[in-house]
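Please read the structure below before turning to the comments.
Numbering starts at 1 and runs along the sequence shown.
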Amino acid sequence: MKNLSTSCIISLYKCDYYLEKFLLNLSEQKDFLKHEFIFYHVCPTINEKKKIFDFIKKSKGNIIYIKNNIRVSLPTAWNECIKASTKQLIAIWNVDDLRTKNSLHLQVSKFKNNIDFVYGNFTIC
């Protein structure tokens with residue numbers, strides 16, 4: 001349980017408005033390279049794909065990108081992300097949510113205490 005890491009499952013649909021802030025926030029996470037981020041991109045636009053592919057080029061291989069040109073439900077997208085995951089823990093991260101820079105680190109640290117589920121605090125701005 002010492003070196004736990006997380007697969008963050010991220011469904012993307014009509015996300016262009018949020019994408020730049022989201023990708024910046026994601027890259028600022030403590031232990032960014034320790035985690036994997038699985039993007040399930042539904043009906044992507046050219047602009048969305050460009051932003052994501054530019055981000056993936058700068059990452060160190062911890063991004064898994066899955067594209068689906070057919071609209072699917074959120075649970076379907078999440079299930080596909082879970083199938084692609086390789087880490088011990090699963091975290092859900094929505095493109096319109098911003099996290100503190102240490103949120104994943106803090107959540108993962110709680111699992112060392114025989115805890116099965118962690119939910120982070122949130123602030124509405």
Would you check if the side chain of Glu28 reaches a backbone N or O of Leu23 as a donor-acceptor pair within less than 3.5 Å?
no

Those residues that, when tested against Leu74, pass side chain to side chain contact (heavy atoms under 4.5 Å, CB included) (two or more places apart):
Ser11, Trp78

Working for side chain to side chain contact (heavy atoms under 4.5 Å, CB included), residues Leu19 and Phe55
CA-CA 10 Å; Leu19 205 48; Phe55 180 79; over 6 Å; no

Would Asp54 and Lys58 count as a salt bridge (charged side-chain N to carboxylate O under 4.0 Å, His left out) if you check the C-alpha gap in whole Å, the side-chain angles of each, and the deciding distance to 0.1 Å?
CA-CA 7 Å; Asp54 287 346; Lys58 296 175 192 173; over 6 Å; no

For Lys14, all residues meeting salt bridge (charged side-chain N to carboxylate O under 4.0 Å, His left out), sequence neighbours excluded
none

Distance from Ile9 atom CD1 to Ser85 atom OG, nearest 0.5 Å?
8.0 Å

Is there a continuous path of hydrophobic side-chain contacts, each under 4.5 Å between heavy atoms, that joins Phe22 to Tyr17?
yes

Distance, nearest 0.5 Å, that separates CD1 of Ile52 from CZ of Phe39:
6.0 Å

State which residues pass ring pair (Phe, Tyr, Trp, His ring centres under 6.0 Å) with Phe32; sequence neighbours excluded, sorted by chain then number.
Phe37

Which residues pass the side chain to side chain contact (heavy atoms under 4.5 Å, CB included) test with Leu33, sequence neighbours left out?
Lys60, Asn62

Would you say the side-chain atoms of Gln29 and His35 include a donor-acceptor pair closer than 3.5 Å?
no

If the condition is side chain to side chain contact (heavy atoms under 4.5 Å, CB included), which residues does Lys67 pass it with, not counting sequence neighbours?
Pro44, Lys49, Tyr65, Asn69

Please report the interatomic distance CG(Leu104) to OG1(Thr6), rounded to the nearest 0.5 Å.
5.5 Å

Thr100 side, atom OG1; His105 side, atom NE2 - distance, nearest 0.5 Å
10.5 Å

Sub-3.5 Å donor-acceptor pair from the side chain of Asn25 to the main-chain atoms of Arg99, do we have one?
yes

Where do Asp16 and Lys51 come nearest, in terms of heavy atoms and distance?
OD1-NZ, 2.7 Å

ILVMFWY network linking Val42 to Tyr18, side-chain heavy atoms under 4.5 angstrom
no

A quick test of your reading: do over 12 heavy atoms of other residues, nucleotides or ligands sit less than 6.0 Å from CZ of Phe53?
yes

The criterion is side chain to side chain donor-acceptor pair (under 3.5 Å); which residues satisfy it with Ser7, sequence neighbours excluded?
Glu36

Among pairs that include at least one residue of residues 75-88, which meet salt bridge (Lys or Arg N to Asp or Glu O under 4.0 Å), considering only residues two or more places apart or in two chains?
Glu80-Lys83

Heavy-atom closest contact (Ile70 atom, Asn68 atom, distance):
N-OD1, 2.8 Å

Between atom CD1 of Ile64 and atom SG of Cys8, what is the distance when rounded to the nearest 0.5 Å?
11.0 Å

I'd like to know whether CD of Gln88 has more than 12 heavy-atom contacts from other residues, nucleotides or ligands below 6.0 angstrom.
yes

For Ser27, what residues pass the side chain to side chain donor-acceptor pair (under 3.5 Å) criterion, not counting sequence neighbours?
none

Without placing hydrogens or testing angles, list every side-chain donor-acceptor pair under 3.5 Å for residues 91-98, not counting sequence neighbours.
unit_1	atom_1	unit_2	atom_2	d
Trp93	NE1	Asp97	O	3.0
Asn94	ND2	Asp97	OD2	3.3

Among residues two or more places apart or on two chains, list those pairs meeting salt bridge (Lys or Arg N to Asp or Glu O under 4.0 Å) that have a residue in residues 37-47.
none

Roughly how far, to the nearest 0.5 Å, is CD1 of Ile63 from CG of Leu26?
5.5 Å

Which residues share a ring pair (Phe, Tyr, Trp, His ring centres under 6.0 Å) with Tyr40, sequence neighbours left out:
none

Not counting sequence neighbours, which residues clear side chain to side chain contact (heavy atoms under 4.5 Å, CB included) with Ser73? List them please.
Pro75, Thr76

